[in-house]
Amino acid sequence: MTDLHDKSLTELAAGLEKGDFSSVELTQGLLNRIAAHDETLNALVTITSDEALVAAAQADAARASGDAGVLNGLPIIHKDIFCTRGIKTTCGSKMLDNFISPYDATLVERLGAAGAVVLGKANMDEFAMGSSNETSYFGPVRNPWDLERSPGGSSGGSAAAVAARLAPAATATDTGGSIRQPAALTNTVGIKPTYGRVSRYGMIAFASSLDQAGVITRTAEDAARLLGVMAGFDERDSTCLDEPVPDYVAELGHSIKGLKIGVVRQHFDEGLDADCSVKVKDAIAALESLGATAVEVDMPNIDLSLPTYYVVAPAECSSNLSRFDGVRFGHRAENPEDLHDLYCRSRGEGFGDEVKRRIMTGTYVLSAGYYDAYYLKAQQVRHLIADDFKRAFADVDVIAGPTTPTPAFKLGAKTDDPITMYLNDIYTIGANLGGFPALSVPCGFVNDLPIGLHLVGHHFDESALLRCAHAYQQETDWHTACPEAFK
Ligand code: GLN
């Protein structure tokens, strides 16, 4: 039973069903791996061993009585941005270091109701602001492929845990690339569904017009399985859309013959590492050999994604984070002189530098006199970018390109230069600005470090992305590679 950690969620589901092992055995095995490796990786903020073993025993009992949900007994990890009843939810911040939510996020509730067993809460950039996990109050996460390097962010803990086989799957969130970029840098699959596809009730808000919940796994098939449970209308989230949820797993069976892939001309310019470019083009050629056709598409406004995002996201975060005032949630400064002192010191002590930088930028672009020049202008440009996608989607089913400009970078390499750090998401942000679903799938190694192929789909067509990635994974074995120290 030593190799259970290397199995996909789908394989584990079959093993549990056949009775090859119990959920308690599986859960204990992964908890042992977490105990052995997490000190090195720092992928988890909280490990919920006791709760996990109780849940696993309940899952085994449910199966024995013929009452197993679709994820019965399968271990997962939640990004620490999702509220979990009775278990600390920190969002990677000192501000929420002591926050215990009185309720579960809808996503946590749905996965739990389907029988999933939660092993712990994953480390992340503070309030999901970052691309390297270095802004976390709990310290950086290390990339299992090279411990000197970052696993990306903000869902770096989720990605590192899945890549190091501490769990077959982890939930994650994506505002500008935080599911897909860490997935690419750790050799995992990451899917950001359509805006409004998955409920955000109980998911701590960063930038509300961009945030979306998703999942990181090692196979597209596993992502399909989990998304089917997570997706769908929730009356507690007014931005969650009432669209039918297809059977994503069943749809994986449909061939990609005839699928039209648009390759964005602007994504293969000098910003992209030459070796990454070759690998990504090879991956697109592989999809063509499976029956898809690729055509070049032009997205003249796509280069404006980054500056647009860095006006819209800080603006929304400055508003969302105003609720952390030392009164209602989280950190409160000691012995305040008056209310003003309480606000200033609680926020000054509770937030880290990157969060403060975003709040200051956001407050500036929203202030009287600058609102029209920055925020309103950014919203207009955002429409131009979304229109670029819509024009391309008139002719193609999926848009393909690189997920990141380079493989994983060294910890500390970009911390002094926010703009270089921000450039990590240059290819992923467009999908958030337009609300489109997008996915990263492992497509090879450059200097022994993994990289990803990025796919964007029509609104609510996560299926096309999952089908493409699944077909590709049937033909390639990049995703089965495991970092040496975690075999
Ligand atoms: N890296 C981007 C940022 O720092 C995106 C983060 C995210 O998607 N949560 O804002």
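Just so you know, ligand 1 is whichever comes first in the structure, and atom 1 is the first atom listed for that ligand.
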Do any heavy atoms of Tyr310 fall under 4.0 Å from ligand 1?
yes
I'd like to know if Met421 contacts ligand 1, where contact means a heavy-atom distance under 4.0 Å to any ligand atom.
no
Check whether any N or O atom of [X], backbone or side chain, sits under 3.5 Å from an N or O atom of ligand 1, and answer yes or no.
X: Gly177; value: yes
X: Thr173; value: no
X: Ala128; value: yes
X: Gly153; value: no

With heavy atoms and a 4.0 Å threshold, my read on which part of Asp425 contacts ligand 1 is side chain
Side chain, backbone, both or neither: which part of Tyr309 has a heavy atom under 4.0 Å from ligand 1?
side chain
For ligand 1, which atoms have a heavy atom of Asp174 less than 4.0 angstrom away?
8 (O)
Does either side chain, that of Ser209 or that of Glu316, offer a donor lying less than 3.5 Å from an acceptor on the other one?
yes
Distance to the ring centre below 6.0 angstrom and angle to the axis at most 45 degrees; does that hold for Lys414 and Phe409?
yes
Could you tell me if the ring centre of Tyr375 sits under 6.0 Å from that of Tyr370?
no
